[in-house]
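Report on the structure given below.
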Amino acid sequence: MNLSGLILKLSGWKLKVSVPDYPKSIICVAPHTSNWDFILGKLAYSAIGRKAGFLMKEAWFFFPL
């Protein structure tokens, strides 16, 4: 288990993956119920050993980001 999986487990989350690991895909998530959606999504994707990039609107990039 990696660090992402451990964080999710300690938070009470369980992962059940039913989608194959496609070589390329696009996942669109909107609207968000909170800003935690992004963090939990990135943790979950990392916990199953997959890598993903993301796009974010310009308003989120302010000093020191």
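When a residue number appears, it is its place in the shown sequence, counting from 1.
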Minimum side-chain heavy-atom gap V17-R50 below 4.5 Å: yes
How far does CE of M56 sit from CZ of F38, to the nearest 0.5 angstrom? 4.0 Å
Pairwise distance CG(L8) to CG(L43) - rounded to 0.5 angstrom: 5.0 Å
Hey, could you give me the CH2/OG distance between W13 and S4, rounded to the nearest 0.5 Å? 14.5 Å
Dump the intermediate steps for side-chain contact (heavy atoms from CB on, under 4.5 Å) on K42 and F54, then the final yes or no. CA-CA 9 Å; K42 286 294 282 183; F54 61 91; 3.9 Å; yes
Quick check against the 3.5 Å criterion: does N2 have a side-chain atom that pairs as donor or acceptor with the backbone of G49? no
Quick check: is I48 connected to V19 through a chain of hydrophobic side chains (ILVMFWY, heavy atoms under 4.5 Å apart)? no
Quick one: do W36 and L15 end up in the same hydrophobic cluster if we chain Ile, Leu, Val, Met, Phe, Trp and Tyr together by side-chain heavy atoms under 4.5 Å apart? yes
